[in-house]
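Predicted model only: the values in this text are computed from it and were never measured.
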There are 2 protein chains.
Amino acid sequence: MSMQKITIKKIAKLANISTATVSRAINNPELVAEETRHKVMEILHKYDYTPNHLAKGLVSGKSQTLSLLTPKEGNFFNAFYFRETFLGITVSAASRGYNILIDQSLTQTGDIIKSRFPVDGYIIVSPSEDDPFVKKLEEKKFPAVLVNRRSSSLSWVDLDNQAAAEEAVNYLIDQGHTDIVAVAGKRNVKNSCDRLQGYKSALKVNGILYNEKYVIYGDFSEETTYIELKKLLTKNENITAVFAFNDLMAIGAMKAIRESGKKLPRDISVVGFDDMPPASYMSPSLTTIRQPFYLMGYQASRFLIDIIEKKDQAPLKREFEGELVLRGSAGPVLKK
Amino acid sequence: MSMQKITIKKIAKLANISTATVSRAINNPELVAEETRHKVMEILHKYDYTPNHLAKGLVSGKSQTLSLLTPKEGNFFNAFYFRETFLGITVSAASRGYNILIDQSLTQTGDIIKSRFPVDGYIIVSPSEDDPFVKKLEEKKFPAVLVNRRSSSLSWVDLDNQAAAEEAVNYLIDQGHTDIVAVAGKRNVKNSCDRLQGYKSALKVNGILYNEKYVIYGDFSEETTYIELKKLLTKNENITAVFAFNDLMAIGAMKAIRESGKKLPRDISVVGFDDMPPASYMSPSLTTIRQPFYLMGYQASRFLIDIIEKKDQAPLKREFEGELVLRGSAGPVLKK
DNA sequence: TATAAGCATGTAAACGATTACATAAATTGG
DNA sequence: CCAATTTATGTAATCGTTTACATGCTTATA
């Protein structure tokens, strides 16, 4: 029935020694006589013994487990980038002997937690700016790493959004574009603000005047972008490029452009952000900024484990660079 | 420092009662006097007490945790459907108060496990036919549910692959197609065999002769499909439809068709399998079989928890139906 | 009024490991 | 050869809970 019947006590009885010696044979072999150790190991193997992590954790105060917290509203779980980030986190944790615990009851609502594993640390993906649980962790200085958000007192990994946006816009300018629409997200979202900052500074560096009318505040959705951009295009014939702050909005933009009777990318270029899986399969394929999701997840685990094992002092911080992936949706502006 | 300092013992001391009474106040309130219970609850709340799951698990023998095992070779983690399956599993588990543990060290290699949480059950996604760990679970009758594989002694959830394939091929036949290529996966893979069976039976029911030459054994990859189908198309001018056993191979097929100078779907129709995210964004968008990944994950958790809590006896089995999603890559055959 | 039943609480063992401390045997050194 | 040190092992407490059993008190029953 149970797979977890063989305890250290039984092993001890079988070997005619104390549990302490068995424990030592396993964890501190150098403290045990060659002969005894051999006998123990043999029995251990024969009975397929596996230590009980619960008991171990109880006495050591460490559970070798990291909690992965994700926003409830599906931003993360529903996001295409979930897989990559998640993979990075788990692979990195596994290589250091840590388990990942998914605790859906504990999300950014900050509810009082009913029952919880005493995990060694938290990885929190895309928490909101005022997440109460993050605040709690900041106060208590409990081991934690934020992904996709920053904090002065907690560790984090995040993209350099401004630089990435700057790169995208620079590319468009290099291709001869000057009338570039920015499709931003919601006004108060940090990521979006940073990317807008990058957009602005690229324009400035290249001596192009910032035009407020060329900024659409979408809600990160395909639909809103489609509606808003379509309006904008009818009013402004000069527009030759669109930089959307995520790929979904880029898709909405492409739809609007097509329905306005323009050709992609001949008349209007589009650059997205994220490089989600469909990006390379669309037609034209989408030029976009790729985020190193896997690496960010991997690094997050590493940071957290380093902190837990005191190999490093919190807070650890790391900014990743986005990479502009050139595909078919953006090209040079046509001379008139 | 630690967020887990307040123990039941301290609460007991503060309330001037025994730990037993505190425990009862929490878990069996009806056994405790109104007044005492109130006092305890107050202190509990004031000190933000959260029970230690490790200790609880140790004494109860249950950890309220399910282990999610996934093939090491990235079949699962790298698969686009990971997100949905995973989401279903975790949401369902959370609603019943269970945690999900990701233990990357324990995969289908069947290695001896060094240290492991005594989880209450296992959800194993896409294990190979001869996975030794699955075999072990089958012998020990330990609570477990397989996803995307079947077993006579363990519970499972899986797609009715044959029926789904039959539906796809029936659709093509209804559109007038008779010369339909099947792009199968590797020969020994169960899923692939079942789908091929569905392909054959649809032909048979509709009185179309099965032609061995119309079956390509790919390796589930885009590239191989592209190469093999291109060869086949040059030899057989009659082919008007292709049914690929996954979307990736469908993409390879589309490429081959285009390069053979044919138009999609006018000259040749393509139907895929899986409905991966890019499917709806391609052009033409891909007609394909959608698998209810979310539901399958959800059901897997439910089964497992029912078994653990003895609400049901193993093995529980459930076959899900695929859904044919009509899009732009397949249409009626043109009359000559 | 004695006895049984019911209620509220306490005592202490148990879950499966680790580890400080104690002890006994073996080895070393002067 | 005896004291000091080292080595191997055992004893028992501990981690934070739960729970069987015991205890004492109140209330109902005959």
Side-chain angles (χ1 to χ4, degrees), chain A residues 1-41 43-44 47-65 113-120, chain B residues 1-41 43-44 47-65 113-120:
Chain A
M1 179 97 162
S2 166
M3 299 190 80
Q4 194 79 240
K5 283 175 78 170
I6 306 98
T7 70
I8 217 171
K9 222 180 241 170
K10 298 201 179 157
I11 301 289
K13 194 160 286 171
L14 286 165
N16 248 320
I17 53 175
S18 74
T19 63
T21 304
V22 177
S23 176
R24 280 189 287 251
I26 297 170
N27 304 298
N28 302 85
E30 73 277 7
L31 297 180
V32 171
E34 178 86 9
E35 193 193 6
T36 315
R37 198 173 68 234
H38 261 79
K39 189 169 58 178
V40 171
M41 285 306 167
I43 301 178
L44 239 44
Y47 288 86
D48 201 15
Y49 168 82
T50 59
N52 183 319
H53 225 122
L54 293 179
K56 215 166 173 170
L58 187 57
V59 58
S60 70
K62 298 279 170 202
S63 58
Q64 293 279 111
T65 302
I113 296 99
K114 274 154 211 147
S115 179
R116 168 154 39 97
F117 262 102
V119 294
D120 298 342
Chain B
M1 178 95 164
S2 168
M3 299 190 82
Q4 193 79 242
K5 281 174 79 169
I6 304 99
T7 70
I8 219 170
K9 224 181 237 167
K10 297 201 180 155
I11 302 289
K13 195 161 283 172
L14 287 164
N16 247 321
I17 54 176
S18 74
T19 62
T21 303
V22 176
S23 175
R24 280 190 287 253
I26 296 170
N27 304 298
N28 302 85
E30 72 277 7
L31 297 180
V32 171
E34 178 86 9
E35 193 192 6
T36 317
R37 198 174 66 234
H38 261 79
K39 190 170 58 180
V40 171
M41 285 306 167
I43 301 177
L44 238 46
Y47 288 87
D48 200 15
Y49 168 81
T50 59
N52 183 321
H53 226 121
L54 292 181
K56 217 168 171 165
L58 186 57
V59 59
S60 71
K62 298 279 168 201
S63 59
Q64 294 278 113
T65 301
I113 296 98
K114 273 154 211 147
S115 178
R116 166 153 45 96
F117 261 101
V119 295
D120 298 341

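- What separates NZ of A:Lys39 from C1' of D:dT9 is a distance of 11 Å, to the nearest Å.
- What separates NZ of A:Lys62 from P of D:dG16 is a distance of 13 Å, to the nearest Å.
- Along DNA chain C, the nucleotide nearest B:Asn16 and the nucleotide nearest A:Asn28 are compared for position; the residue whose nucleotide lies closer to the 5' end is B:Asn16.
- In this structure the side chain of A:Pro51 never reaches within 4.5 angstrom of the side chain of A:Ile26, judged on heavy atoms.
- Not counting sequence neighbours, the partners of A:Ser63 by the side-chain hydrogen bond (donor to acceptor under 3.5 Å, both in side chains) test are A:Asp120.
- Overall bending of the helix from C:dT1-D:dA30 to C:dG30-D:dC1, expressed as the angle between end axes built from five pairs apiece, is 50° (10° steps).
- Rounded to a whole Å, the CD atom of B:Gln64 is 14 Å from the C1' atom of D:dT17.
- For the pair A:Leu54 CG and D:dC15 P, the interatomic distance rounds to 17 Å; values are reported in whole Å.
- Residues passing the side-chain hydrogen bond (donor to acceptor under 3.5 Å, both in side chains) test with B:Ser18 are B:Thr21, sequence neighbours excluded.
- Pairs engaging residues 6-15 of chain B under the salt bridge (charged side-chain N to carboxylate O under 4.0 Å, His left out) rule: none recorded [sequence neighbours left out].
- Here D:dC21 presents its P atom at 16 Å from CG of B:Leu31, a figure rounded to the nearest Å.
- Between A:Glu34 atom CD and D:dA8 atom P the separation is 10 Å, expressed in whole Å.
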Protein-nucleotides 11-15 of chain C N/O pairs closer than 3.5 Å?
from, atom 1, to, atom 2, distance (Å)
C:dC15, O2, B:Val59, N, 3.4

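- Relative to the side chain of A:Thr36, the nucleotides C:dA17, D:dT9, D:dT17 differ in distance, and D:dT9 lies closest.
- In this structure, A:Leu58 and B:Asn52 have side chains that are in contact, with non-hydrogen atoms separated by less than 4.5 Å.
- In this structure the side chain of B:Asn27 reaches within 4.5 angstrom of the side chain of B:Lys56, judged on heavy atoms.
- Considering only residues two or more places apart in sequence or on other chains, B:Asn28 meets the side-chain contact (heavy atoms from CB on, under 4.5 Å) condition with B:Glu30, B:Leu31.
- Considering only residues two or more places apart in sequence or on other chains, A:Glu34 meets the salt bridge (charged side-chain N to carboxylate O under 4.0 Å, His left out) condition with A:Arg37.
- To the nearest angstrom, C1' of C:dA26 lies 15 Å from CD of A:Glu35.
- Projected onto DNA chain C by closest heavy-atom contact, B:Ile17 and A:Asn27 fall at different nucleotides, the more 5' of which corresponds to B:Ile17.
- Going from atom CD1 of B:Ile8 over to atom P of D:dT19 covers 11 Å, rounded to whole Å.
- Considering only residues two or more places apart in sequence or on other chains, B:Glu35 meets the salt bridge (charged side-chain N to carboxylate O under 4.0 Å, His left out) condition with none of them.
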